[in-house]
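Below is one structure, written out as structure tokens; the observations come after it.
Sequential numbering from 1 along the given sequence is applied to the chain's residues. Small disclaimer: the values here were computed from a predicted structure and weren't measured.
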Amino acid sequence: MRGPAVSVVTCFRDAEAHLGEAIRSVREQQLADWELLLVDDGSADGGTAIARRAAEDDPTRICYVEHEGHANLGKSTSRNLGLSLARGRYVVFLDAD
């Protein structure tokens, strides 16, 4: 099965103030062949709810993931988790803020 053209990996921790805008920026791209991997690095604010809601609204293109136990393992580990799940021909990182 062919994956999307682009995988967008967005790692976030306590990014409630800007995460919705980052998600919207991906959804509004002219290219429709993408997936968005939202990697929660142990958020303690409303960012988790925003990301889960986005994944529920568009489950074929948006995926919410978190570390076991909702742990904070850092940006590098979070990016690696996103990369391990990416199916796109190209991968880009989009900061949540």
side-chain hydrogen bond (donor to acceptor under 3.5 Å, both in side chains) involving [X] - partner list, sequence neighbours excluded:
X: Ser78; answer: Asp41, His67
X: Arg13; answer: none
X: His18; answer: none
X: Glu16; answer: none

Side-chain donor or acceptor of Arg53 paired with backbone N/O of Thr48 under 3.5 Å: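 No; zero donor-acceptor contacts below 3.5 Å.
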Ser7 side-chain N/O to Ala86 backbone N/O, donor-acceptor pair under 3.5 Å: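 The answer is no, because no donor-acceptor pair under 3.5 Å joins these two groups.
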Are [Y] and [X] linked, directly or through intermediate hydrophobic residues, by side-chain heavy-atom contacts shorter than 4.5 Å (ILVMFWY only)?
X: Leu36; Y: Phe12; result: yes
X: Leu19; Y: Val8; result: yes
X: Val39; Y: Trp34; result: no

[X] [atom1] to [Y] [atom2] distance, which is reported to the nearest 0.5 Å:
X: Asn80; Y: Lys75; atom1: CG; atom2: NZ; result: 13.0 Å
X: Ile50; Y: Leu38; atom1: CD1; atom2: CG; result: 10.5 Å
X: Asp14; Y: Asn72; atom1: CG; atom2: CG; result: 8.5 Å
X: Leu83; Y: Ser76; atom1: CG; atom2: OG; result: 10.5 Å

Hey, can you pull the donor-acceptor pairs under 3.5 Å for the side chains in residues 90-97, sequence neighbours left out?
none

Worked check of side-chain contact (heavy atoms from CB on, under 4.5 Å) between Tyr64 and Asp40: CA-CA 7 Å; Tyr64 168 84; Asp40 191 338; 2.8 Å; yes
4.5 Å side-chain heavy-atom contact, Val65 and Leu37: no
Qualifying salt bridge (Lys or Arg N to Asp or Glu O under 4.0 Å) pairs, either residue in residues 22-38, two or more places apart: Arg2-Asp33, Glu35-Arg87
